[in-house]
Enquirer: 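Please read through the structure below; I'll follow up with questions.
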Amino acid sequence: MHINGKYRLACETQILELNAETIIIQPLGHLPVLRDLIVDLTRFFENYRHIKPYLIGKSPIPEKEYIQLPEDRSKIGNTIDCILCGSCFGACPVAGTDNAYLGPSALLKTERFLTDSRDAAEEERLKIANDIHGVWRCHSVFSCQEVCPKELNPAEAISKIKKRILKKGSKKG
Ligand code: SF4
């Protein structure tokens with residue numbers, strides 16, 4: 001929620017820490033308000049589903065789990081920590097002007113799987129991201145990074161996806 005001028009996790013924000021006489025709480029931005037502070041998250045989760053937020057493993061499928069070396073796991077870093085709070089979406093000026101924009105967290109998740117050594121869907125993922133409502137809508141404002149309670153950097157992830165697309169020479173948008 002937007003609490004005293006900043007997106008914060010309402011579940012862990014302490015009133016005392018706000019150090020303010022007046023506390024103003026507003027719902028998450030860019031999403032329809034259903035009632036009071038409750039927003040309709042349909043668009044947010046539709047975007048999330050659209051980018052296929054799961055491992056599309058390489059063939060042949062192993063009998064047990066896909067093995068990942070520690071050095072490959074470290075490339076993914078903390079991008080798995082996203083809790084889908086939507087703060088980055090609410091803070092993103094592009095999400096507020098383009099209803100079809102995939103948004104920072106969905107694109108961060110895209111980069112998380114593009115980096116995963118076990119994933120085999122690079123082409124499919126880049127095709128989804130390489131859309132006029134995908135990575136090319138991002139204007140690198142970095143609001144997403146500023147508000148993320150998990151200290152993630154969706155803007156950087158988006159920039160990495162842009163580089164991947166340009167490397168393949170298939171920019172669209
Ligand atoms: S990237 Fe950060 S701000 Fe955005 S949904 Fe995930 S945890 Fe929340």
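As the structure is a prediction and not an experimental result, all values here were calculated from the model. Ligands are counted one by one from 1 in listed order, and the atoms in each one are counted from 1 as well.
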Enquirer: For residues Ile23 and Asn4, report the shortest heavy-atom separation together with the two atoms involved.
Expert: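 Between these two residues, the closest heavy atoms are CA-OD1, 3.2 Å.
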
Enquirer: Above 12 or not: heavy atoms from other molecules or residues under 6.0 Å from CD of Glu71?
Expert: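 Correct, the count exceeds 12.
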
Enquirer: State, to 0.1 Å, how close Leu108 and Pro154 come at their nearest heavy-atom pair, and which atoms those are.
Expert: CD1-CA, 3.8 Å

Enquirer: Within ligand 1, which atoms have a heavy atom of Lys150 less than 4.0 Å away?
Expert: 7 (S)

Enquirer: Check each atom of ligand 1 against the heavy atoms of Gly86 and keep those under 4.0 Å away; list them by number with element.
Expert: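 Near Gly86, the atoms of ligand 1 are 5 (S), 8 (Fe).
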
Enquirer: Which atoms of ligand 1 have any heavy atom of Pro149 under 4.0 Å away?
Expert: 3 (S)

Enquirer: Run His2 and Tyr7 through ring-ring contact (aromatic ring centres under 6.0 Å, His included) and show every step you take.
Expert: CA-CA 4 Å; His2 196 261; Tyr7 280 101; 4.8 Å; yes

Enquirer: When hydrophobic residues are tied together by side-chain contacts of less than 4.5 Å, even through go-betweens, does Leu55 share a cluster with Leu114?
Expert: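 No, Leu55 and Leu114 fall in different hydrophobic clusters.
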
Enquirer: Who's the nearest protein heavy-atom neighbour of atom 2 (Fe) of ligand 1, and how far?
Expert: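 Among all protein heavy atoms, the one nearest atom 2 (Fe) of ligand 1 is Cys148 SG, 2.3 Å.
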
Enquirer: Between Arg125 and Glu111, does a salt bridge (charged side-chain N to carboxylate O under 4.0 Å, His left out) hold up when you go through it step by step?
Expert: CA-CA 9 Å; Arg125 295 191 190 286; Glu111 175 58 19; over 6 Å; no

Enquirer: Which of the atoms in ligand 1, numbered in the order shown and given with their element, are less than 4.0 Å from a heavy-atom of Ser87?
Expert: 3 (S)

Enquirer: Flag Cys88 as yes if one of its N/O/S atoms falls below 2.8 Å of atom 8 (Fe) of ligand 1, otherwise no.
Expert: no

Enquirer: For ligand 1, is there an atom lying under 4.0 Å from some heavy atom of Ile83?
Expert: yes

Enquirer: Check ligand 1 against Ser105 and write out every atom of the ligand that is under 4.0 Å from a heavy-atom position of the residue.
Expert: 4 (Fe), 5 (S)

Enquirer: What residue and atom, counting heavy atoms only, is the protein's closest point to atom 6 (Fe) of ligand 1, and at what distance?
Expert: Cys82 SG, 2.3 Å

Enquirer: To which protein heavy atom is atom 8 (Fe) of ligand 1 closest, and what is the distance rounded to 0.1 Å?
Expert: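 Here the closest protein heavy atom is Cys85 SG, 2.3 Å.
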
Enquirer: Kindly indicate, with the supporting measurements, whether the criterion salt bridge (charged side-chain N to carboxylate O under 4.0 Å, His left out) is fulfilled by Lys150 and Asp81.
Expert: CA-CA 7 Å; Lys150 304 300 284 183; Asp81 292 349; 5.9 Å; no

Enquirer: At under 4.0 Å between heavy atoms, is it the side chain or the backbone of Leu84 that contacts ligand 1, or both, or neither?
Expert: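 The answer is the backbone of Leu84.
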
Enquirer: What do you reckon, is CG of Leu16 surrounded by more than 12 foreign heavy atoms closer than 6.0 Å?
Expert: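 12 or below, so no.
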
